[in-house]
Amino acid sequence: MLKLNDIETCYGGIRALKGVSLTVAPGEIVALIGSNGAGKSTTLMSISGITPVRCGQILFDGLAIEKTPPEKIVAMGVCQAPEGRRIFPKLSVLENLEMGAFLRSDAAGIKKDLDYIYDLFPILHKRRHQPGGTLSGGEQQMLAISRALMARPKLLLLDEPSLGLSPIMTKLIFAMLARINRENATTLFLVEQNAAMALKLSHRAYVLENGVITLEGKAADLLHDENVKKAYLGI
Ligand code: ATP
């Protein structure tokens, strides 16, 4: 579904990604783990078309998208739930969700997806007329994920879904991500500093260090890899 071939992304003179290659197959959950500043967010921004790549190729469903504008990439079925949540704080929860369906015109499908989201996260139903900015951090994260889901993506990109959340809230959100993957065949690609949670959720994972992929494999194997344990799991 997604293939990155040797991509490089720069900020001025800084090479944040130095030739990253990875793949995500339909139906998979794939994690990209790594420490602060490794280039995880840059990888997602490059896929979404927000930060232009300097060289290399990004294929989505076989089509090269590295020069495609972000709104067209969304229309193709790639949606991002960004780091720090970035919901619209003054709009209600329901309006935030409707914004996610901005490119859709199938009213019945939108209603069905809204019901599905309220089933996943009942608190969003309870708070549907409240301004998004009044939600707790965890609820805002639920809203950001749900808003991205309202676009009915084939590929959902998640930037640090656990950021700033309590362990209990992280567990709940990760359980819902597993449900979203299982029940809708939505493919997930997530970047995370919480390597333990990310590896438990994912089928496969990549380790990114200083803009370079240094390790890849089945998530279950990486959980037992000595280097991963030492560097990312604190074991
Ligand atoms: P974090 O988990 O802290 O967000 P990350 O792995 O997502 O880290 P990136 O945010 O992708 O890392 O940053 C990769 C590198 O690019 C870092 O050295 C960072 O300082 C730099 N960088 C990121 N965004 C910009 C920007 N807009 N302008 C200049 N440099 C940037």
Side-chain angles (χ1 to χ4, degrees), residues 2-24 29-58 60 65-71 73-74 78-87 137-138 140-141 144-145 148 155-167 169-171 173-174 177 188-202 204-217 219 222-223 225 227-234:
L2 179 73
K3 193 163 200 244
L4 271 53
N5 274 333
D6 212 13
I7 65 160
E8 287 192 21
T9 304
C10 301
Y11 299 104
I14 301 168
R15 259 195 334 150
L17 301 183
K18 302 166 187 160
V20 168
S21 299
L22 56 83
T23 60
V24 180
I29 306 180
V30 176
L32 181 64
I33 59 172
S35 48
N36 253 329
K40 303 182 301 297
S41 297
T42 303
T43 305
L44 289 193
M45 294 301 200
S46 302
I47 297 167
S48 299
I50 295 164
T51 306
V53 299
R54 193 171 74 173
C55 56
Q57 196 183 37
I58 303 177
F60 177 68
I65 59 164
E66 69 276 0
K67 293 200 171 64
T68 307
E71 65 277 13
I73 293 177
V74 172
V78 181
C79 247
Q80 186 170 340
E83 182 183 22
R85 303 176 271 274
R86 303 216 191 113
I87 53 135
Q140 288 190 28
Q141 184 62 68
I145 293 168
L155 174 63
L156 178 59
L157 307 174
L158 298 139
D159 196 346
E160 304 252 11
S162 78
L163 193 78
L165 305 187
S166 67
M169 186 57 84
T170 302
K171 223 171 155 189
I173 287 185
F174 274 57
L177 291 176
L188 306 182
F189 180 57
L190 75 150
V191 311
E192 258 299 341
Q193 274 193 53
N194 187 336
M197 286 301 289
L199 291 175
K200 281 179 198 153
L201 172 74
S202 305
R204 284 190 310 113
Y206 294 85
V207 178
L208 186 68
E209 286 174 17
N210 290 319
V212 177
I213 301 280
T214 53
L215 203 57
E216 63 177 280
L222 292 183
L223 263 175
D225 181 279
N227 293 325
V228 172
K229 275 188 185 165
K230 242 186 265 162
Y232 301 105
L233 302 176

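FYI, side chains are in, hydrogens and waters are out, and symmetry mates aren't considered; it's all heavy atoms of this structure. Start at 1 and go down the list; that is how both ligands and their atoms are numbered.
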Look only at the side chain of [X] and the backbone of [Y], and say whether a donor-acceptor pair between them is shorter than 3.5 Å.
X: K40; Y: L208; result: no
X: R15; Y: G211; result: no
X: Y206; Y: T23; result: yes

**Fill in**
For I173 and G138, the nearest pair of non-hydrogen atoms, with its separation, is CD1-O, 3.7 Å
Closer than 4.0 Å to some heavy atom of [X] - which atoms of ligand 1 meet that?
X: S41; result: 4 (O), 5 (P), 7 (O), 10 (O), 11 (O)
X: A38; result: 5 (P), 6 (O), 12 (O)
X: T42; result: 9 (P), 11 (O), 13 (O), 14 (C)
X: S35; result: 6 (O)
X: K40; result: 2 (O), 5 (P), 6 (O), 7 (O), 8 (O), 11 (O), 12 (O)

**Request:** Give a yes or no on whether K18 atom NZ has more than 12 heavy-atom contacts from other residues, nucleotides or ligands under 6.0 Å away.
**Result:** yes
**Asked** Quick one: does G39 get an N or O within less than 3.5 Å of an N or O on ligand 1?
**Response** yes
**Prompt:** Which is closest to atom 2 (O) of ligand 1 in terms of heavy atoms, E209, Q193, R15?
**Reply:** Q193
**Closest to atom 14 (C) of ligand 1 among G37, G13, S46 (heavy-atom distance)** = G37
**Fill in**
Those residues at least two apart in sequence (or on a different chain) that pass side-chain hydrogen bond (donor to acceptor under 3.5 Å, both in side chains) with T51 are none
**Message:** Below 4.0 Å, non-hydrogen atoms only: which portion of E160 touches ligand 1? Side chain, backbone, both or neither.
**Reply:** side chain
**Item:** Pairs involving residues 41-56, ordered by first then second residue, that meet salt bridge (Lys or Arg N to Asp or Glu O under 4.0 Å) (sequence neighbours left out)
**Value:** E8-R54
